[in-house]
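Single-structure report; data block below.
Since this is a predicted model, take the numbers as computed values, not measurements.
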Amino acid sequence: MRSDAATAAEVPDLSDPLLYESGEAFAVWRRLRAERPVCRVVRAGDAPFWAVLSYELVARVLSQPAVFSSTGGMRLDADETATAAGAGKMMVISDPPRHGKIRRIMSSAFTPRTVRRLERNMRTTVTGLLRDALASEVCEFTEVAARLPLSVICDLLGVPRADWDFMLSRTMTAFGVGDRAGATDAAAAAVAHTELFQYYDELMRERRRSPKDDIISALVHGTIDGEPLTSTEVVLNCNGLISGGNETTRHATLGGLLAFIQNPDQWTLLRERPELLPGAVQEVLRHTSPAMHLLRTATQDTEIGGEHIRAGDRITLWLASANRDERVFADPDTFDITRSPNRHLTFAHGPHHCIGATLAATELTIMFDELTRRVERAELAGPVRRMRSNLIGGLESLPVSLTPANGSRTTEGQT
């Protein structure tokens with residue numbers, strides 16, 4: 001293994017949010033995949049960590065939860081106290097077999113009736129959002145993209161529609177990983193998290209008395225090894241669901257629309273051949289890779305890609321880099337809606353494959369279906385601003401001008 005000095009000289013600080021705001025990360029990942037797909041990152045003022053950048057090795061680590069644990073946290077720079085409090089209680093920072101038992105409880109809420117209701121509500125939400133967007137000369141599409149996933153997660157959790165605006169406001173503040181103002185935003189995020197926890201607690205108490213067809217009811221009435229989940233476990237898993245479900249779909253929508261704007265031939269192709277939509281959604285997910293990295297902690301001395309990993313070392317798995325791996329994806333930087341196969345790792349792999357992957361793909365399918373029906377052309381109407389984050393690959397601003405489609409395709413019973 002090379003010295004820390006050599007590593008620092010050759011490997012930039014992959015935890016630096018400015019690397020992602022500038023868009024320079026793609027070139028850095030490309031070089032490191034070729035030269036050092038497993039590398040040690042040394043950064044000032046914090047502990048070093050390992051970065052895994054190739055598709056093969058990222059998938060391998062994700063498939064070995066006994067060696068690479070999730071209980072040390074799922075991302076860099078997470079609050080250590082909060083992580084310790086949630087380890088083994090929150091699905092995303094639990095290991096098998098506990099992880100699978102929590103997952104089964106949450107999955108039980110995805111009944112066929114619930115899924116049908118969610119899909120109907122998605123379509124209604126999207127058509128309303130696009131109707132308003134098309135009425136504006138310039139639309140800030142980040143506001144459109146934020147509404148759909150939040151409404152879906154609220155619907156799934158059992159949050160009454162009257163409270164959806166409150167949840168949107170609080171989650172945008174609580175999980176505002178791209179915010180720039182430092183301590184002020186951290187304080188606001190802490191307040192927003194407290195308000196969310198209080199809201200979950202109230203909803204939890206109501207569902208204990210009167211269960212409904214939603215996830216919070218499944219959690220409060222579920223059991224693991226004969227024991228009910230604690231109130232803390234219920235609240236933490238609600239919070240994890242609303243965070244993960246909101247960020248991925250929102251930023252995939254934004255990044256996907258930007259990719260279509262930058263590649264108008266792909267937009268024209270999709271409008272002319274709507275049967276390509278399923279593959280287009282998968283390419284949006286690969287190309288955008290909103291959750292850029294996952295964190296694991298080694299439980300024992302081991303080896304990855306020829307590098308010796310010690311027990312307790314932190315390992316970051318760069319999903320966004322794996323999804324651009326030239327060994328797996330031909331011409332990986334090209335946005336190609338006909339790409340097949342497209343076995344991307346956007347939703348991770350193995351036991352921690354995202355529980356909401358199908359739901360997220362459905363949201364994107366409905367969003368881009370309605371966009372191609374209703375919009376002939378989308379153009380930038382101002383500067384695009386990327387998020388300053390090492391976790392979420394997304395956009396803070398996407399002002400667009402949408403040209404309505406004349407004689408747009410419609411489905412039965414829709415306008």
Can you measure from [atom1] ([X]) to [atom2] ([Y]) and round to the nearest 0.5 angstrom?
X: Arg286; Y: Leu345; atom1: CZ; atom2: CG; answer: 11.5 Å
X: Leu276; Y: Arg339; atom1: CG; atom2: CZ; answer: 14.0 Å
X: Leu19; Y: Glu24; atom1: CG; atom2: CD; answer: 6.0 Å
X: Tyr55; Y: Asp325; atom1: OH; atom2: CG; answer: 9.0 Å

Q: Give the intermediate values and the outcome of side-chain contact (heavy atoms from CB on, under 4.5 Å) for residues Trp267 and Asn263.
A: CA-CA 7 Å; Trp267 182 256; Asn263 299 273; over 6 Å; no
Do [X] and [Y] have a side chain donor and acceptor closer than 3.5 Å?
X: Asn323; Y: Ser289; answer: yes
X: Thr114; Y: Asp213; answer: yes
X: Thr125; Y: Arg147; answer: no
X: Thr142; Y: Glu140; answer: yes
X: Thr71; Y: Ser69; answer: yes
X: Asn390; Y: Asp16; answer: no
X: Ser217; Y: Asp214; answer: yes

Q | side-chain contact (heavy atoms from CB on, under 4.5 Å) assessment of Arg36 paired with Glu307 | A | CA-CA 10 Å; Arg36 304 192 61 192; Glu307 295 285 358; 3.9 Å; yes
Q: Please say whether more than 12 non-hydrogen atoms of neighbouring residues, nucleotides or ligands are located less than 6.0 Å from CZ in Arg117.
A: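 Counting other residues, nucleotides and ligands, CZ of Arg117 exceeds 12 neighbours.
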(Q) Can you confirm whether Glu80 is buried at CD, in the sense that more than 12 heavy atoms of other residues, nucleotides or ligands lie under 6.0 Å from that atom? (A)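 Result for CD/Glu80: open.
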Q.
salt bridge (Lys or Arg N to Asp or Glu O under 4.0 Å) for Asp46 and Arg43? Distances and angles first, verdict last.
A. CA-CA 6 Å; Asp46 210 332; Arg43 54 178 177 165; 3.3 Å; yes
Q: Walk me through it: do Phe141 and Leu258 pass the test side-chain contact (heavy atoms from CB on, under 4.5 Å)?
A: CA-CA 10 Å; Phe141 211 76; Leu258 178 60; over 6 Å; no
Q.
Just so I know, are the side chains of Asp333 and Arg324 near enough to count as touching, which here means a heavy-atom distance under 4.5 Å?
A.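 In short, these two side chains touch, coming nearer than 4.5 Å.
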Q) Can you find a heavy atom in the side chain of Ile315 that is under 4.5 Å from one in the side chain of Leu317? A)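 SC-SC contact between Ile315 and Leu317 confirmed.
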Q | For Leu14 against Val41, the heavy-atom pair lying closest together | A |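 Taking Leu14 first and Val41 second, the nearest heavy atoms are N-CG1, 3.7 Å.
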Q.
Please verify the inter-ring angle class for Phe166 with Tyr199; under 30° counts as parallel, over 60° as perpendicular, anything in between as tilted.
A.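 The rings of Phe166 and Tyr199 sit tilted, inter-plane angle from 30° to 60°.
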Q: Please report the C-alpha distance between Asp369 and Arg123 in whole Å, then the side-chain angles of each, then the deciding distance to 0.1 Å, and finally whether the salt bridge (Lys or Arg N to Asp or Glu O under 4.0 Å) criterion is met.
A: CA-CA 10 Å; Asp369 182 35; Arg123 186 77 64 174; 2.7 Å; yes
**Q.** Distance under 6.0 Å and angle within 45° of ring axis: Arg386 vs Tyr20
**A.**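 No, a cation-pi geometry is absent between Arg386 and Tyr20.
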